[in-house]
Protein chains: 4
Amino acid sequence: MTDKKEHIINHAVELFAEKGFEGTSIRDLAARAEVNVAMVNYYFGSKEKLFEAMVQHKAAYLKGIIEELSKDNSLTEIEKLDRIIESYVNKMFNNRLFHRVIHQELLLHQRESLQDSIINIVSPNAVAIKNIIETGIRKGVFRKIDPPLLIASLFGTFNQVLLSKKMCNKLLDKNPDYIPYEDPKFKKRLIDHLKDLLHTYLLKN
Amino acid sequence: MTDKKEHIINHAVELFAEKGFEGTSIRDLAARAEVNVAMVNYYFGSKEKLFEAMVQHKAAYLKGIIEELSKDNSLTEIEKLDRIIESYVNKMFNNRLFHRVIHQELLLHQRESLQDSIINIVSPNAVAIKNIIETGIRKGVFRKIDPPLLIASLFGTFNQVLLSKKMCNKLLDKNPDYIPYEDPKFKKRLIDHLKDLLHTYLLKN
Amino acid sequence: MTDKKEHIINHAVELFAEKGFEGTSIRDLAARAEVNVAMVNYYFGSKEKLFEAMVQHKAAYLKGIIEELSKDNSLTEIEKLDRIIESYVNKMFNNRLFHRVIHQELLLHQRESLQDSIINIVSPNAVAIKNIIETGIRKGVFRKIDPPLLIASLFGTFNQVLLSKKMCNKLLDKNPDYIPYEDPKFKKRLIDHLKDLLHTYLLKN
Amino acid sequence: MTDKKEHIINHAVELFAEKGFEGTSIRDLAARAEVNVAMVNYYFGSKEKLFEAMVQHKAAYLKGIIEELSKDNSLTEIEKLDRIIESYVNKMFNNRLFHRVIHQELLLHQRESLQDSIINIVSPNAVAIKNIIETGIRKGVFRKIDPPLLIASLFGTFNQVLLSKKMCNKLLDKNPDYIPYEDPKFKKRLIDHLKDLLHTYLLKN
DNA sequence: TATGAATGAGCCTTCATTCAT
DNA sequence: CATGAATGAAGGCTCATTCAT
């Protein structure tokens, strides 16, 4: 990917996160990125293809979360989940604008093929986590719970705090200027909550 | 609210859920609702005011979830939470299109004033739940956990399964045609999971 | 003409004077006159016919200016002109909104038939004045000047001060809040100027 | 100013003169100028900004009428006025469509800021003429008359003949097809009338 | 490779008018 | 007689995209 393309994509993420796909005009984007209006079509072919390119480019951070763990056989299942939580929270906090964009997309029924490719990117992680949980259950370390729905609880918690700053601040009783995603204390608090939830819920006794 | 207005709003919810606010044109909507294009502006003044009217009209289902419980002093805290879960899941399954629309809105930074009014509608429920949890903790019935984040887990789980059918089916290993929101078994499964999660996580021993 | 019709016409004059024919919407007018939107079409048939009715109704003040004088044979030509100036200035000051409306119309090439009827209302006065001037010339009382263009100077002076308050105030070095048309001193000043101009220009010696 | 912009403005003047600002649609204009409907907004930003650009561009002819004279100290006051009359009549005959447009604007209360800028363009000439007249009076060459109202008579005469061809022809007893503004004889006649009027009215004896 | 100019399609909205009562 | 509801047409404007250079 050339510098110019990456430059455009970085500004596209910002705008898409703010205004959505339909709400962002190529002229907005060109102005924000300080490039010619024809550049987007020149480099990417169309607004939609720019979006796809952005997804492909930015989704990288989602990969590799699991791979690291599967190599390390010395870890127990609960340790693996702890690592995943830490890794996930860190990565999502750093990529929260893009994260918001792909969740906008999942909420719509436009551009279905794009939805499929997003799901193809996201779901391997879910599957891997499910495998870990099922292994824990099979080993008798974990209680017999509903793995898919526990994963929904896990991801849902992330998303609930990440997707709307206003809602998050309301829940936390913070003033509207507080940006939880830039506060290391909040990050630790979220990680602690999720670990505690999984430990308490999954581990026997 | 007149029949005509309600008729338009009902079709508007469908289209907004599918395509988002910017992605839905008044012409689309007029065609879908089989009314004249000028009707939306005639009845609501503008596309944006139609949206607001829709939110006010449809948000009714969110009210009253909590009020019912606060009257009943015979219930313990965990029983209250159980009732809330049941009530919430039922109501959200029935209003899932609208639910999707307001979550689209929370993801964007367009129309901020509308966001505020959505939050004003949604948050009282969260606050009420937080009060119940904190009361349980104070009474020594519940473990000392992080109430706001537990609520995020609770709502997050709902949203995670409700907001994207595709993602939900992927998680559940269902085929793409399965509509979980119309399957009573799935509804029960979700309710059971959430009750189990809260019971296990909150109750001592 | 019914009271209702006259009521509407009176508000129509105000709005047309302010915003012009195309710039005034029937909804504006209905709101201003506090009648139903359908009333204009109900009473007048269309917006254009309302305009025509307004012209016919309001043009009455222009009639009779000359008739009064032609009866009185005891007046000299210059005395007749003096009377006409007084009468004209008084009537136009009282009907300046309508006066502005018909001059808007004369400036456009829309609604040509209406222009004709306006001219048919206005021109008899000009013709009568021309006759007076030509009689004066024939009698040797007036200098031999160009009657049509002198009439242009006469009407042109009226219009120049009447049609734009801003322009008028600029010329008079008044502040923008001054309303010359409501100041009796200004009226006298205008009459004096026109009389002086005609006397000096027309009378020999 | 690019050729394309000027091309659009030239057709805009025609249409605005014919139909007024509100009566002229961008689609009309695009068709007349044989350009795309989006061109007006592309070049000027909006219909209103096109209008302003037109005023700025076309008003040039009004400037410089006076400046020429103020340099020449050898001219007497009455000679200066004679030159001004000639210059004004010539320029206004050549720009009569635009002249009509700005007088439409002065008649309305829409777009007040534009009115101000028109007055700022027009009034310097009036002020300069007033100075000449007042100087003449002070020197004892001119009779003591009412300068602002004499200027109203001067400009009013121009406007009276220029603004409505129909009215003008009626006054002159010409048939409706006669176009006075293209007849050099009429131009001379107008100039002669105005010079005669000013000479007779202003000069002592 | 890069871009300013240009465009057709579509947007939301307002319009004068008509209709059913 | 009067009016609230409803409508097709047209309004100004913005859009993603294409084109000539």
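In what follows, every chain begins at residue 1, and chains take the letters A, B, ... in the order their sequences are listed.
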May I have the distance from B:Ile8 (atom CD1) to E:dC12 (atom P), rounded to whole angstrom? 14 Å
Minimum-distance nucleotide to C:Asn36 side chain [options: F:dG4, E:dA2, F:dG8]: F:dG4
Under-4.0 Å side-chain N/O to phosphate OP1/OP2 contact, C:Tyr43 with F:dA2: yes
Counting C-beta onward and ignoring hydrogens, is there a side-chain heavy-atom pair between A:Leu106 and A:Ile119 closer than 4.5 Å? yes
Within the structure shown, what part of the strands sits under 4.0 Å from B:Phe44 by heavy-atom distance: base, sugar-phosphate, or nothing? nothing
What's the closest nucleotide to the C:Ser25 side chain, out of E:dT18, E:dC15, F:dC19? E:dC15
Round to a whole Å and report the spacing from OH of A:Tyr42 to P of E:dT3. 9 Å
Integer-rounded Å distance: F:dA2 C1' and C:Lys5 NZ: 15 Å
Sort out the partner of F:dT18 for me: Watson-Crick or G-U wobble, both distances under 3.5 Å, none otherwise. E:dA5
Any donor-acceptor pair under 3.5 Å from C:His11 side chain to C:Leu29 backbone: no
At 4.0 Å (heavy atoms only), tell me whether C:Thr2 reaches a base, stays on the sugar-phosphate, or touches nothing. nothing
When you measure from the side chain of B:Lys47, which nucleotide among F:dC19, E:dT13, F:dA16 comes out closest? E:dT13
How close do A:Leu108 and B:Gly20 get, heavy atom to heavy atom, and via which atoms? CD2-N, 3.4 Å
What is the distance, rounded to the nearest whole Å, between atom CD of B:Glu22 and atom C1' of E:dC12? 12 Å
Using Watson-Crick geometry (N1-N3 plus N6-O4 or O6-N4) or G-U wobble (N1-O2, O6-N3), each under 3.5 Å, F:dC13 is paired with E:dG10
How many whole angstroms separate atom CG of C:Asp3 from atom C1' of F:dA2? 17 Å
Output the rounded distance in Å from CD1 (B:Ile26) to P (F:dG8). 16 Å
Do the side-chain N and O atoms of C:Asn41 and C:Lys49 include a donor-acceptor pair separated by under 3.5 angstrom? no
Report, as yes or no, whether the 6.0 Å neighbourhood of atom CD on C:Glu112 holds more than 12 heavy atoms from other residues, nucleotides or ligands. yes
Among E:dC11, F:dC19, E:dA2, the nucleotide that comes nearest once only the side chain of B:Arg27 is considered: E:dC11
Tell me the interatomic distance from B:Leu29, atom CG, to E:dG10, atom C1', rounded to whole angstroms. 16 Å
Residue met sooner reading DNA chain E from 5', once C:Ala38 and B:Phe21 are mapped to nucleotides: B:Phe21
Whichever of C:Asn41 and A:Met39 has its nearest DNA chain E nucleotide further upstream toward 5': A:Met39
In whole angstrom, what separates D:Glu48's CD from F:dG11's C1'? 15 Å
5'-most contact on DNA chain F (nearest-nucleotide basis), D:Asp28 vs A:Gly45, goes to D:Asp28
